Q: 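Submitted below is the structure of interest, expressed as structure tokens.
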Amino acid sequence: MKIQYLDGNLRQNLLENLLKRSPNQYGEYEKVVMEILNRVKEEGDSALFAYTEKFDGAKTDAGCIRVTEEEIQEAYRLVDPGLLKVIRKALGNIEEYHAKQKQYSWFDSKPDGTMLGQKVTPLQRVGVYVPGGKAVYPSSVLMNIIPAKVAGVEEIIMVTPPGRDGKVTANTLVAAKEAGADVIYKAGGAQAVGALAYGTESIPKVDKIVGPGNIYVALAKKAVYGHVSIDAVAGPSEILVIADETANPRFVAADLLSQAEHDELASAILVTTSEELAKQVADQIDGFLKELSRSEIIRKSLDQYGYILVADSMEEAIEVANDIASEHLEIQTKDPYDVMMKIRNAGAIFIGEYSSEPLGDYFAGPNHVLPTNGTARFFSPLSVDGFIKKSSIIAYSRNALEAVHKEIEQFAEAEQLTAHANSVRVRFS
């Protein structure tokens, strides 16, 4: 990786380059996505089955699109027992963390006869999209389903593309069963998003769609937003490491590469106050690239969106980190907690040299569904909050309303909404 020294122009160019990775920049795919969605909306199952055969090479119909209990039991026989133990331990950590996020209804009564409150209601039905294809992500299954279960969602429907044999990967099925998916369907791509958003003969309409996917899935979720809710329009993965001269260059290099291997659009950035560390990290990366299995993908990622940046001060390094608002932010400095307190924009923050990013991907407990492409400025990680809705509660007695009705009428008349004023006035005329 090339080492560069921070200045105003570099910072601006860097941000512009990273934003090229946003799904919002791939307008040429939108026409295809809209055609798929419209066909699924109009034709239902027949379109869904046709697209599954076209894109996944698997023939499905109403009799086999739903994963059976027998298929799930077969998956348990195929999964490595050691992996199953890890899945269950990770599940426990994720569930324990998200349980602390749970919100409850509250009500506040006063002696004057007023009662105000907030009613918290879980969503009724949620769709979870799980990618297939090049890679299998049982960790994503856990991260998307568990907060929905903790929130109290009544029905969790999972969709995932089948292989050419018409089957779903065993690891994915086992993770879904362990996490608590109610129904699993063999469908993927924009067509599965359309099925969840509009409903078909086989797949019921949901209230919200969550889960990662390719550019077609991301644009399909964007297109159906408003018809249903979504978690976010996810972009490629990214990591930013803030480090000083105390950091271990081998650790830093390994952590940068852990995200660069996702795909060619992934971003890996080191911002350091130490020129010597920058050189050491670059050397370590060259060494790792000779060993790692996905080195070709990593090289393309680093060539396009990899940076080693040398800052004049830790304050400048923090400013750059806040500008980029990275999905994953690692802090490997002498005083990482001091740096952490100055971070405003990041999806997940990893503190210290033994808090490697994959710890958050798989095991620690916090959700790994995080804001990307700078959206950590205003979005948060997926959480229990994403699976509930809140209703305001207002109850006034006659005496309570009588004490304030003239003020309400005056306010309404000031806005020239006389029917509003009349709605209150008739109760006392």
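Bear in mind the structure is a predicted one, so any value in this text is a computation, not a measurement.
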Q: Are Lys54 and Thr52 close enough that a side-chain donor and a side-chain acceptor fall under 3.5 Å?
A: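 Looking only at side-chain atoms, Thr52 and Lys54 do not form any donor-acceptor pair under 3.5 Å.
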
Q: Pairing donors with acceptors under 3.5 angstrom, does anything connect the side chains of Ser301 and His262?
A: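 No, no side-chain donor-acceptor contact under 3.5 Å.
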
Q: ring-ring contact (aromatic ring centres under 6.0 Å, His included) with Tyr97: which residues, sequence neighbours excluded?
A: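 So Tyr97 forms no ring-ring contact (aromatic ring centres under 6.0 Å, His included) with any residue.
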
Q: So if I apply the side chain to side chain contact (heavy atoms under 4.5 Å, CB included) rule between Ile157 and each of Ile184, Val128, Leu196, which one comes out positive?
A: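 When Ile184, Val128, Leu196 are each tested with Ile157, the side chain to side chain contact (heavy atoms under 4.5 Å, CB included) holds only for Leu196.
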
Q: Restricting to ring-ring contact (aromatic ring centres under 6.0 Å, His included), what partner residues turn up for His420, sequence neighbours left out?
A: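 Partners of His420 by the ring-ring contact (aromatic ring centres under 6.0 Å, His included) criterion come out as none, since no residue qualifies.
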
Q: For residues 32-43, dump all side-chain donor-acceptor pairs below 3.5 Å to protein atoms at least two apart in sequence or in another chain.
A:
unit_1	atom_1	unit_2	atom_2	d
Asn38	ND2	Met34	O	3.1
Arg39	NE	Glu43	OE1	3.0

Q: Taking OH in Tyr225 as the centre, count heavy atoms belonging to other residues, nucleotides or ligands within less than 6.0 Å. Is the count above 12?
A: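 Count not over threshold, so no.
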
Q: Is atom CZ of Phe411 surrounded by more than 12 heavy atoms (other residues, nucleotides or ligands) closer than 6.0 Å?
A: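 Result for CZ/Phe411: open.
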
Q: Under the salt bridge (Lys or Arg N to Asp or Glu O under 4.0 Å) rule, what pairs show up with a residue in residues 372-384, not counting sequence neighbours?
A: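 The answer is Asp323-Arg377.
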
Q: Who passes side chain to side chain contact (heavy atoms under 4.5 Å, CB included) against Tyr104, sequence neighbours left out?
A: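 Once residues adjacent in sequence are excluded, the partners of Tyr104 under the side chain to side chain contact (heavy atoms under 4.5 Å, CB included) criterion are Lys102.
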
Q: Show every salt bridge (Lys or Arg N to Asp or Glu O under 4.0 Å) that has at least one partner inside residues 348-361, sequence neighbours left out.
A: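 The answer is none; no pair qualifies.
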
Q: With a cut-off of 3.5 Å and sequence neighbours excluded, list every side-chain donor-acceptor pair involving residues 283-293.
A:
unit_1	atom_1	unit_2	atom_2	d
Gln284	OE1	Arg250	NH1	3.0

Q: For the residue pair Thr200 / Asp45, report whether a side-chain donor-acceptor contact shorter than 3.5 Å exists.
A: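 Yes - a donor-acceptor pair under 3.5 Å links their side chains.
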
Q: Restricting to pairs with a member in residues 172-197, which pass salt bridge (Lys or Arg N to Asp or Glu O under 4.0 Å), not counting sequence neighbours?
A: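 Passing the test, one end in residues 172-197: Glu69-Lys177, Glu71-Lys186, Arg88-Glu178.
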
Q: Can I get a per-line list of side-chain donor-acceptor pairs under 3.5 Å for residues 206-215, giving both atom names and the distance, sequence neighbours left out?
A:
unit_1	atom_1	unit_2	atom_2	d
Asp207	OD2	Gln124	N	3.3
Asp207	OD2	Arg125	N	3.0
Lys208	NZ	Gly386	O	2.6
Asn214	OD1	Tyr216	N	3.0
Asn214	OD1	Val217	N	3.0

Q: Anything under 3.5 Å between a donor and an acceptor, one on a side chain of residues 55-62, the other on a protein residue two or more places apart or in another chain? List them.
A:
unit_1	atom_1	unit_2	atom_2	d
Asp61	OD1	Gly63	N	2.8
Asp61	OD1	Cys64	N	3.1

Q: Tell me whether Lys149 is salt-bridged to Glu95, with the criterion being a basic N under 4.0 Å from an acidic carboxylate O.
A: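 A salt bridge is absent here (no side-chain N lies under 4.0 Å from a carboxylate O).
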
Q: Take atom OH of Tyr337 as the centre, draw a 6.0 Å sphere, and report whether it contains more than 12 heavy atoms from other residues, nucleotides or ligands.
A: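 Counting other residues, nucleotides and ligands, OH of Tyr337 stays at 12 neighbours or fewer.
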
Q: Is it the case that the side chains of Glu327 and Ser237 hold a donor-acceptor pair, with the cut-off being a distance below 3.5 Å and no angle test?
A: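 Looking only at side-chain atoms, Glu327 and Ser237 do form a donor-acceptor pair, the distance falling under 3.5 Å.
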
Q: Quick test of your reading: applying salt bridge (Lys or Arg N to Asp or Glu O under 4.0 Å), list the pairs with at least one residue in residues 295-313, sequence neighbours left out, ordered by first then second residue.
A: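 Applying salt bridge (Lys or Arg N to Asp or Glu O under 4.0 Å) to every pair that reaches into residues 295-313, excluding sequence neighbours, yields Glu296-Lys300.
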
Q: For residues 162-175, which side-chain donor-acceptor pairs fall under 3.5 Å, sequence neighbours excluded?
A:
unit_1	atom_1	unit_2	atom_2	d
Asp165	OD1	Lys167	N	3.0

Q: Please determine whether a side-chain nitrogen of the Lys or Arg among Asp7 and Arg11 lies less than 4.0 Å from a carboxylate oxygen of the Asp or Glu.
A: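 Salt bridge absent between Asp7 and Arg11.
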
